[in-house]
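Heads up: the structure comes next, in structure tokens.
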Amino acid sequence: MIYRKTYNLVVEKIREIQDEIKQNTKDIKRAADFGDLKENAEYHAAKDNQAHLHNKRHRFEKHLNNEVVEPKDIRADVVSFGTQVTYTDGENPITVAIAGAAEYELELYENIVTLASPFARMIVGKKKGDTMTLDLPGGTKTLTITDIRLLE
């Protein structure tokens, strides 16, 4: 899943990466003109950057295959993709954003929990006031959901 606004940001990010790839191609050509490629550190750095840029573009392009979710389709009465959830472990309130991999990669929200994570799978579908028990290496924790809001 991907938010519509995130989808648009991903498209823009891909355009930026394409521009970087074009500049990188020029950098490779310029570095190659310096001569002996075995000893040409600038050429090797540009080639390494080329691989990095193509991998980065590919990662972002994969997000475009996700289901696009409109904000109007998200309910704020239940934990789901596109919600911000506050819960307490009996002491401090903790707020997390339930989002997708694209939002995570773009670092759009603080404390992102991706929908595919074990914690998100446990909490999705819960409502305000619901409690969950976590079995952790340090012991058992009980969490109570205190607030659910739409991500902005």
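Side-chain atoms are counted along with the backbone in the values below, which use heavy atoms only and exclude waters and symmetry mates.
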*asked:* If hydrophobic clusters are built by linking Ile, Leu, Val, Met, Phe, Trp and Tyr wherever their side-chain heavy atoms come under 4.5 Å apart, do Val78 and Val124 end up in the same one?
replied: no
*So Lys126 and Val85, side-chain contact (heavy atoms from CB on, under 4.5 Å) or not? Walk me through it.*
CA-CA 10 Å; Lys126 304 287 188 202; Val85 182; over 6 Å; no
Give me the atom names and distance for the closest heavy-atom approach of [X] to [Y].
X	Y	value
Thr114	Ala120	O-CB, 3.2 Å
Arg57	Ile14	CG-CG2, 4.3 Å
Ile28	Ala46	CG1-CB, 3.6 Å
Ala99	Ile112	CB-CG2, 4.1 Å
Thr83	Arg75	CG2-O, 3.6 Å
Glu42	Ala31	C-CB, 3.9 Å

Report the distance from atom [atom1] of [X] to atom [atom2] of [Y], rounding to the nearest 0.5 Å.
X	Y	atom1	atom2	answer
Met1	Asp73	CE	CG	9.5 Å
Thr25	Leu53	OG1	CG	9.0 Å
Ile17	His52	CD1	NE2	8.0 Å
Phe60	Leu106	CZ	CG	4.5 Å
Phe81	Ile2	CZ	CD1	7.5 Å
Ile98	Gln84	CD1	CD	10.0 Å

*Taking only Lys NZ, Arg NE, NH1 and NH2, and the carboxylate oxygens of Asp or Glu, determine whether Arg15 and Asp19 approach each other closer than 4.0 Å.*
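Salt bridge flag = no for Asp19 with Arg15.
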*asked:* Less than 3.5 Å apart, any donor N or O on the side chain of Glu20 or Asn24 sitting next to an acceptor on the other?
replied: no
*Are a donor atom and an acceptor atom from the side chains of Lys47 and Gln50 found within less than 3.5 Å of each other?*
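The criterion, which ignores hydrogens and geometry beyond distance, is satisfied for Gln50 and Lys47.
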*So, the side chain of Glu105 versus the backbone of Ala102: is there a donor-acceptor pair under 3.5 Å, distance only?*
no
_Using a 3.5 Å distance criterion without hydrogens, assess whether the side chain of Tyr3 forms a donor-acceptor pair with backbone atoms of Gly82._
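Answer holds: yes.
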*Going by the salt bridge (charged side-chain N to carboxylate O under 4.0 Å, His left out) test, which pairs reach into residues 139-152, not counting sequence neighbours?*
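Found Asp89-Lys141, Asp147-Arg149.
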*How far apart are the C-alpha atoms of Met132 and Ile145, what are their side-chain angles, what is the distance that settles it, and do they pass the side-chain contact (heavy atoms from CB on, under 4.5 Å) test?*
CA-CA 9 Å; Met132 300 150 293; Ile145 297 174; 3.9 Å; yes
*Please lay out, stage by stage, how Thr95 and Thr86 fare under the test side chain to side chain donor-acceptor pair (under 3.5 Å).*
CA-CA 4 Å; Thr95 302; Thr86 302; 2.9 Å; yes
*asked:* Quick one, Leu9 and Leu108 - any side-chain contact, counting heavy atoms below 4.5 Å?
replied: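 In contact.
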*Mark yes when over 12 heavy atoms from residues, nucleotides or ligands other than His58 sit less than 6.0 Å from its NE2; otherwise mark no.*
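Count not over threshold, so no.
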*What do you reckon, is OH of Tyr104 surrounded by more than 12 foreign heavy atoms closer than 6.0 Å?*
no
